[in-house]
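Along the sequence shown, residues carry numbers from 1.
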Amino acid sequence: MEQRGGTDAERRLARARLEVRHARERLGEGGYGTWLRRRLELMEGLDRLSELLSGPANLPDRFDELEVVLAERVGLGREVVRDEDCRPWLAQALVEQARLLGVRRRRAEAVGPAREGVALFRALAAEEPDEYRRLLAAALENLANQLSPPATRAEALATVREALELRRVEDRVRPGPVSGNGLASALTDLGMLLDEAGAFTEAVPVLREAVLRYRTLDATRQADGEAYWAALSTYAQALRHAGAGEGVEAHVCRELMAAVHRRLAEQSPEGLAVVNALLADQGYTTDEDGGLRDLRPDRRAEDASQAPLQAPPQDAPQAPPQDTSRDASQAPWARIEELAVRAREQTAQRDFAGALATHREAVSYCRGLPQADPRAVLGLAGTLHDLGLLLGTIGRPAEAVPPLTEAVGLHRRLLPAAPGPIRPLLAGSLDTLGSRLASCGRHRDALAATAEAVELMRLVVDAPPGAHGPADARPGGEPDAAEATRELARMLNNLSIRHADLERHEDARTASREAVARYRGTSLPEDELSGLVHALANLALREARLEHTAPVPALLQEVLALLDRPVRFPPGVRLDGLADSLHWLAWYLKRHQHHREGRAAERAASALRRWR
């Protein structure tokens with residue numbers, strides 16, 4: 001019913017947005033107990049907001065806002081997951097984030113969060129199978145949906161089969177409409193994948209079972225009408241592919257489709273709209289009786305052409321047609337800097353939606369500049385890097401990889417003409433790309449990118465004074481020697497982590513030792529001490545991992561002395577990793593009879609968690 005100020009749904013959505021805004025404003029209040037409570041309150045508000053934004057019809061005009069809300073849910077979940085067992089909340093946020101990316105035809109980006117959601121639910125189901133079996137099955141089905149055929153079809157099939165077995169167990173343990181619909185849906189997913197793979201004779205009996213289960217539920221009006229119709233349409237398609245499209249079974253299937261379609265039209269207009277939109281998107285329509293009509297004779301051939309998203313080639317970045325309407329006589333660098341400053345302010349205020357929009361505006365602006373001008377290419381590379389940096393910071397590393405890969409390619413293109421000023425920029429792009437690739441589980445690619453970044457920064461640090469060219473050759477001018485050394489140290493610390501990810505612990509320790517030595521060998525302002533703290537803690541971990549216990553207490557003592565100053569960490573940095581490192585070192589030191597140092601490490605870890 002319409003009310004003043006909009007519909008009930010619109011008023012609920014407005015209230016949810018207001019609650020989230022107020023919860024964000026209260027985040028910085030109080031000590032640790034309040035810190036955690038405020039974040040849990042925001043988590044609940046974001047839950048309600050994303051549910052309202054999704055809605056029964058998943059309205060596309062709300063996708064942009066929903067995507068930002070889900071990213072914030074994921075980022076917040078990562079903050080609190082070690083302070084309180086919020087794994088189920090984080091896992092569900094990841095699954096929903098992946099599902100939305102898949103709906104938006106960005107399945108290559110969706111695979112990372114989908115896998116992480118499965119891993120979290122798998123661990124939870126191992127601890128409490130009855131509580132999390134159904135959620136793990138749903139997460140597996142979501143992952144299978146994001147795995148784009150044909151390259152990952154085998155994995156998708158294996159994933160759906162695992163989900164199906166879980167659904168069968170759930171249906172036996174907890175029989176009822178919820179488990180029944182879940183089992184029928186998993187059967188439909190498996191039948192659909194088998195049909196797409198050309199295994200028609202195997203797909204037909206699987207889909208027949210799905211339809212029979214839905215039909216049994218439908219007899220008592222307990223079937224999910226949209227899912228039942230999808231199972232029927234997939235079954236009809238598989239029968240046609242198997243050469244039985246005109247048989248008795250296909251005729252009965254079409255009659256059932258028409259009946260379900262008519263009921264959806266009468267009882268669920270939103271559900272009907274979803275079904276019809278999905279059909280149109282896939283190249284199908286319905287006839288007057290509600291039956292399925294294929295508008296594209298060979299859909300499987302088109303499916304095979306849908307490859308995952310690929311980043312532009314590094315040596316040939318593609319730019320859209322240039323906007324020649326801009327006045328080329330006006331230097332655009334002030335505009336680029338203005339957008340960069342705005343994005344930084346929005347990020348500091350946790351306005352991630354605004355910051356993303358600003359970064360994308362900057363990228364669009366730079367793409368419209370004359371690409372024959374190296375400064376325009378340099379500006380585009382910088383804005384792409386900043387976009388990738390933010391996407392990774394807010395928990396969307398897979399999305400960050402394409403713009404960062406393009407930034408690397410643009411910097412490579414400029415490197416031969418101006419190696420001095422471009423080299424540190426290329427190193428920065430490679431280092432950021434390495435971090436994002438590691439977050440996506442691509443550890444070998446991450447190591448290669450970070451190792452190249454380190455070698456480039458070595459050249460920058462060891463270059464003679466003045467070797468970087470004129471100060472106006474790049475934004476920021478001549479690189480400061482101490483700043484370059486600190487950047488090299490930071491990248492070496494990242495290189496150590498990349499080696500450790502691949503169990504290359506000797507190489508990891510070597511990189512950590514050099515990182516610490518580089519930090520110690522240069523002047524460190526107060527706001528740069530955090531890098532040394534991380535490098536020292538990392539080196540202590542590397543020595544301990546190789547059972548070199550002797551240097552660990554002294555390294556830890558140096559970390560604690562720095563934390564007592566106190567160290568000013570950059571805004572927005574998450575310290576859960578450092579706190580976890582100190583907690584593990586505390587255990588290690590106690591195991592080796594260094595009880596006093598172990599207790600000090602435990603206190604420092606607790607203080608870090610309270611402080612953040």
- [ ] Take Asp189 and Arg167 through the test side chain to side chain contact (heavy atoms under 4.5 Å, CB included) and record every step on the way to the result.
- [x] CA-CA 12 Å; Asp189 287 344; Arg167 293 291 191 184; over 6 Å; no

Open item on the list: Checking Arg104 against Glu109 for the salt bridge (Lys or Arg N to Asp or Glu O under 4.0 Å) test, could you report, in this order, the C-alpha distance in whole Å, the side-chain angles of both residues, the deciding distance, and whether it holds?
Closed with: CA-CA 10 Å; Arg104 305 197 79 176; Glu109 300 171 38; over 6 Å; no

- [ ] Carefully, step by step, assess Leu391 and Leu387 under the rule side chain to side chain contact (heavy atoms under 4.5 Å, CB included).
- [x] CA-CA 6 Å; Leu391 285 167; Leu387 173 60; 4.0 Å; yes

Task: Criterion side chain to side chain contact (heavy atoms under 4.5 Å, CB included) on Leu157 and Val160, from CA distance to verdict - done: CA-CA 5 Å; Leu157 279 166; Val160 168; 5.9 Å; no

Task: side chain to side chain donor-acceptor pair (under 3.5 Å) between Asn145 and Glu141, worked out - done: CA-CA 6 Å; Asn145 287 335; Glu141 290 157 1; over 6 Å; no

TODO: Please report the C-alpha distance between Asp47 and Gln92 in whole Å, then the side-chain angles of each, then the deciding distance to 0.1 Å, and finally whether the side chain to side chain contact (heavy atoms under 4.5 Å, CB included) criterion is met.
DONE: CA-CA 10 Å; Asp47 263 350; Gln92 189 59 36; over 6 Å; no

Task: Check against side chain to side chain donor-acceptor pair (under 3.5 Å), His505 and Glu503 - done: CA-CA 6 Å; His505 299 296; Glu503 304 292 329; 2.8 Å; yes

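For the pair Met43 and Leu90, the minimum side-chain heavy-atom distance is 4.5 Å or more. Taking 4.5 Å as the limit, every side-chain heavy atom of Thr450 sits out of range of all side-chain heavy atoms of Leu430. Counting heavy atoms from C-beta on, the side chains of Val111 and Arg107 never come closer than 4.5 Å. Between Leu164 and Leu183, the closest side-chain pair of non-hydrogen atoms falls below 4.5 Å. His499 has its side chain within reach of Leu447: a pair of non-hydrogen atoms, C-beta onward, lies under 4.5 Å apart. The side-chain heavy atoms of Leu124 and Leu136, taken from C-beta on, include no pair separated by under 4.5 Å. Looking only at side-chain heavy atoms (C-beta outward), Tyr214 and Thr188 come within less than 4.5 Å of each other. For the pair Gln237 and Leu207, the minimum side-chain heavy-atom distance is 4.5 Å or more.
Ion pairing between Arg213 and Glu209 holds under the 4.0 Å rule for side-chain N and carboxylate O. Under 4.0 Å is where a charged nitrogen must lie from a carboxylate oxygen, and between Arg87 and Glu128 no such pair does. Comment: Arg215 does not engage Glu255 in a salt bridge, judged by the lack of any side-chain N to carboxylate O separation of less than 4.0 angstrom. Between Arg498 and Asp501, at least one side-chain nitrogen of the basic residue sits less than 4.0 Å from a carboxylate oxygen of the acidic one, meeting the salt-bridge criterion.
The structure places CG of Leu389 at 7.5 Å from NE2 of His359, a figure rounded to the nearest 0.5 Å. Note that the OG1 atom of Thr159 and the CG atom of Leu190 stand 11.5 Å from one another [nearest 0.5 Å]. Taking CG from Leu166 and CZ from Arg161, the interatomic distance works out to 14.5 Å, rounded to the nearest 0.5 Å. The distance from atom CD of Glu67 to atom OG of Ser50, rounded to the nearest 0.5 Å, is 13.0 Å. The CZ atom of Arg208 sits 12.5 Å away from atom CG of Leu187, with the distance rounded to the nearest 0.5 Å. Rounded to the nearest 0.5 Å, atoms CG (Leu502) and CZ (Arg504) are 6.5 Å apart.
For Ser185 (side chain) and Asn181 (main-chain N/O), no donor-acceptor pair under 3.5 Å exists by modelled atom type. Of the possible polar contacts, none joining the Ser364 side chain to the Arg360 backbone as a donor-acceptor pair under 3.5 Å is found. Judged by distance alone, the side chain of Ser429 and the main-chain N or O of Leu426 form no donor-acceptor pair under 3.5 Å. No side-chain donor-acceptor contact under 3.5 Å links Gln222 to the backbone of Val178. The backbone N or O of Gly176 lies less than 3.5 Å from a partner atom in the side chain of Ser179, making a donor-acceptor pair. Proximity of a side-chain donor or acceptor of His385 to a complementary backbone N or O of Ala381 within less than 3.5 Å is not detected.
Residue Arg174 places its CZ atom among more than 12 non-hydrogen atoms of other residues, nucleotides or ligands, all under 6.0 Å distant. Other residues, nucleotides and ligands contribute at most 12 non-hydrogen atoms within 6.0 Å of the CZ atom of Arg134.
Residues Val211 and Tyr228 come closest through the heavy atom pair O-CE1, 4.1 Å. Here the closest non-hydrogen pair linking Val204 and Leu239 is CG1-CD2, 4.0 Å.
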